[in-house]
Visitor: 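Here's a structure for you.
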Amino acid sequence: MKKAVVIFIFISGIVFKSYPQNTKFILEGMIGGIQNETLFLYQETGENVILLDSVVTKNGEFQFTGKTDHAFAAQLGLSKNRRAKIFISPSKMNLLVHKDEFKHNFLIKKLTGSEAQNRYEDFQDKLQKNNQQKLKIANDLELPEVNSDSIKKKMLLAEYKRLNKFKKEYFHNYASSPVVSYLIFQEYFGAKCSLDDVKIYLKTLNTANPNGIYVQNLNKRVETIEQIFTRNEFPDLSSITLKGQEYNFADRKAQYYLFYIWRAWTPDKNEPNYQALDQLQTNCKENGIELVSLIRNSSYNLLPVPETKKWKQWRPTIDPSHKYIEIESIDNSVDLIKYLDRQFHAFLVNREGKIIYHQNIFDTDLLISELTKFVSKP
């Protein structure tokens, strides 16, 4: 009976820690080098960045208050492109920093009162020490006296192998922290871990932190990528076209669809894609294919305004000669864009939503020749 009580108390403690009761956060502090400037607070969800609040600082001092059930990665933004990152916890926090330290990175040793920030800094500190040890071993293995000593060499290689496991072991040991699932998100985006690695991590994350925003978004990402590239099913696409009309792939009526997905940049770099679409729209019309141009655009896609020091964002314009459907996704506003890398993609899809051809290299002649293999002229 006594043993059962102890187990109950232990489990209760885990549940209590997993679902924090204090859902309010207070972030206050001072930013040196500014007076009365607007400070923006954003939340990183892993999929996008959401503006939460803004305040006008008074001699650099500021305060944000809000509610959150879980800690999350946040961005603080000043004018122009000055941003910095921290981890916000449901607690009272204090930040002391200079504006020159807003360099789009996480601020280290500047924030107090955030358990998640402490976890992030602990990981970075241990990772740095781990990498220093690995570097020392690599250098030692280059020494002739070590390389000729089989016993010493074997010991160093074994230690190097152990150090190589640091990251995975740390992620496993602290899987309940939102910091870990956020770091895994960043690892995947930075191509430092594969989708298979993410799936292995999720086996632990789904038990340790099932309600975490980064865990839920990782699950959704894996599901969508496997839907596209494993099951060859094109996801339902719902958006607004450049002409302001609703487009829902779920209401499909055509026999075939070609989704042409490309990344926008400067007008001269965009021109080859528009030329390719001009070629494709003729071919698609002849073969009964509905052509959809999905433009991956970014709010950072800025162009200089002639004869001024100002910049403006590039935006696609409606061109009557474009007889195809055009959809713009700014900062991954279209869900499908979130789950694809930034390279070119073309998907030929049938009425049942099955992907019957996928091309990820920009080669219009190849794409046209492949289309004729799958689609017969009406």
Visitor: Please work out which of the three classes, parallel, tilted or perpendicular, describes the rings of F64 and F62, given edges at 30° and 60°.
Guide: tilted
Visitor: Taking the ring centre of each residue, are Y274 and W262 less than 6.0 Å apart?
Guide: yes
Visitor: Have S238 and N248 got a donor and an acceptor in their side chains that come within less than 3.5 Å?
Guide: yes
Visitor: Pairing donors with acceptors under 3.5 angstrom, does anything connect the side chains of D319 and S321?
Guide: yes
Visitor: Would you say I361 has more than 12 foreign heavy atoms packed within less than 6.0 Å of its CD1?
Guide: yes
Visitor: Checking side-chain polar atoms at under 3.5 Å, does S194 have a donor or acceptor matched by the opposite partner on D197?
Guide: yes
Visitor: Flag the pair K58 and E37 as a salt bridge only when some basic side-chain nitrogen lies within less than 4.0 angstrom of an acidic carboxylate oxygen.
Guide: no
Visitor: I'd like to know if the side chain of N139 reaches the main chain of L135, judged simply by a donor and an acceptor atom lying under 3.5 Å from each other, with no hydrogens or angles considered.
Guide: yes
Visitor: If you compare all heavy atoms of N94 against all heavy atoms of G29, which two are closest, and at what distance to 0.1 Å?
Guide: ND2-CA, 4.0 Å
Visitor: What do you reckon, is CD of E246 surrounded by more than 12 foreign heavy atoms closer than 6.0 Å?
Guide: no
Visitor: Any Lys/Arg nitrogen of R231 or E226 sitting under 4.0 Å from an Asp/Glu carboxylate oxygen of the other?
Guide: no
Visitor: Show your working on salt bridge (Lys or Arg N to Asp or Glu O under 4.0 Å) between K167 and E187 and close with a plain yes or no.
Guide: CA-CA 11 Å; K167 192 176 291 184; E187 293 265 308; 3.1 Å; yes
Visitor: State whether a side-chain donor-acceptor pair under 3.5 Å links Y170 with D122.
Guide: yes
Visitor: Compare all side-chain heavy atoms of R296 with those of S329 and state whether any distance is below 4.5 angstrom.
Guide: no
Visitor: Give me the ring orientation class for F185 and F189: parallel if the planes are under 30° apart, tilted from 30 to 60°, perpendicular past 60°.
Guide: parallel
Visitor: Given the rule in the side chain to side chain donor-acceptor pair (under 3.5 Å) test, do E121 and Q117 qualify, once you have shown the distances and angles that lead to the verdict?
Guide: CA-CA 6 Å; E121 293 184 10; Q117 179 75 15; 3.1 Å; yes
Visitor: Can E370 and K373 be said to form a salt bridge (Lys or Arg N to Asp or Glu O under 4.0 Å), step by step?
Guide: CA-CA 5 Å; E370 290 296 324; K373 294 179 182 179; 3.0 Å; yes
Visitor: Please check if atom CZ in R342 has more than 12 non-hydrogen atoms from other residues, nucleotides or ligands closer than 6.0 Å.
Guide: no
Visitor: For the pair Y188 and Q186, evaluate side chain to side chain donor-acceptor pair (under 3.5 Å) and give the outcome as yes or no after the intermediate values.
Guide: CA-CA 5 Å; Y188 178 73; Q186 300 308 306; over 6 Å; no
Visitor: Strictly by modelled atom types, are N164 and K134 linked by a side-chain donor-acceptor pair under 3.5 Å?
Guide: yes
Visitor: Regarding E61 and N59, is there a side-chain donor-to-acceptor distance under 3.5 Å anywhere?
Guide: no
Visitor: Is any side-chain heavy atom of Y357 less than 4.5 Å from a side-chain heavy atom of Q359?
Guide: yes
Visitor: Quick one, L237 and L294 - any side-chain contact, counting heavy atoms below 4.5 Å?
Guide: yes
Visitor: Is the terminal nitrogen or CZ of R252 (NZ for Lys, CZ for Arg) located under 6.0 angstrom from the six-membered ring centre of F234 and within 45° of that ring's axis?
Guide: no
Visitor: Pair R162, E159 - check salt bridge (Lys or Arg N to Asp or Glu O under 4.0 Å), show working.
Guide: CA-CA 5 Å; R162 185 190 70 81; E159 177 63 7; 2.7 Å; yes
Visitor: Please answer whether the main-chain N or O of H70 pairs with a side-chain N or O of T68 as donor and acceptor at a distance below 3.5 Å.
Guide: yes
Visitor: Under 3.5 Å, is there a donor-acceptor pair between the E328 and N297 side chains?
Guide: yes
Visitor: Mind checking whether H322 and Y324 have parallel, tilted or perpendicular rings, split at 30° and 60°?
Guide: parallel
Visitor: Are the side chains of F40 and L52 in touch, meaning some heavy atoms are under 4.5 Å apart?
Guide: no
Visitor: Any side-chain donor-acceptor pair under 3.5 Å between R351 and Y257?
Guide: no
Visitor: Taking the ring centre of each residue, are H358 and F229 less than 6.0 Å apart?
Guide: yes
Visitor: Quick one, N219 with N206, criterion side chain to side chain donor-acceptor pair (under 3.5 Å). Give me CA distance, side-chain angles, the key distance, then yes/no.
Guide: CA-CA 9 Å; N219 278 301; N206 285 329; 2.7 Å; yes
Visitor: Give a yes or no on whether the ring-centroid distance for F374 and Y256 is below 6.0 angstrom.
Guide: no
Visitor: Contact between Q313 and I330 at the side-chain level, heavy atoms closer than 4.5 Å - yes or no?
Guide: yes
Visitor: Looking at N287 and T372, would you say the former's side chain and the latter's main chain have a donor-acceptor pair under 3.5 Å?
Guide: no
Visitor: Look at atom NZ of K338 and say whether more than 12 heavy atoms of other residues, nucleotides or ligands are closer to it than 6.0 Å.
Guide: yes
Visitor: Does K354 NZ have over 12 foreign heavy atoms under 6.0 Å away?
Guide: yes
Visitor: Take D268 and T266, measure what side chain to side chain donor-acceptor pair (under 3.5 Å) needs, and give me the verdict at the end.
Guide: CA-CA 6 Å; D268 57 319; T266 57; 2.5 Å; yes
Visitor: In terms of hydrophobic clustering (I, L, V, M, F, W, Y; side-chain heavy atoms under 4.5 Å; direct or indirect links), are M30 and L39 co-clustered?
Guide: no
Visitor: What about I337 and L242, same hydrophobic cluster or not, with Ile/Leu/Val/Met/Phe/Trp/Tyr joined at side-chain heavy-atom distances under 4.5 Å?
Guide: no
Visitor: Applying the 4.5 Å side-chain criterion to the ILVMFWY set and letting contacts propagate, would F171 and Y174 be lumped into a single cluster?
Guide: yes
Visitor: Ring centres under 6.0 Å, that's the criterion: do F249 and F259 meet it?
Guide: yes
Visitor: Should we say atom NZ of K85 is surrounded by more than 12 heavy atoms from elsewhere, each under 6.0 Å from it?
Guide: yes
Visitor: Going hydrophobic residue to hydrophobic residue with side-chain gaps under 4.5 angstrom, can you get from Y260 over to L366?
Guide: yes
Visitor: Would you kindly say whether S299 and D331 are connected by a side-chain donor-acceptor distance under 3.5 Å?
Guide: yes
Visitor: Could you state whether L157 and M155 fall into the same hydrophobic cluster, counting links through intermediate Ile, Leu, Val, Met, Phe, Trp or Tyr residues with side-chain heavy atoms under 4.5 angstrom apart?
Guide: no
Visitor: If you define the side chain from C-beta out and look only at heavy atoms, does anything of L107 sit under 4.5 Å from E101?
Guide: yes
Visitor: Can you list the steps and then say if F72 with Y214 is a side-chain contact (heavy atoms from CB on, under 4.5 Å)?
Guide: CA-CA 9 Å; F72 61 89; Y214 304 114; 3.6 Å; yes
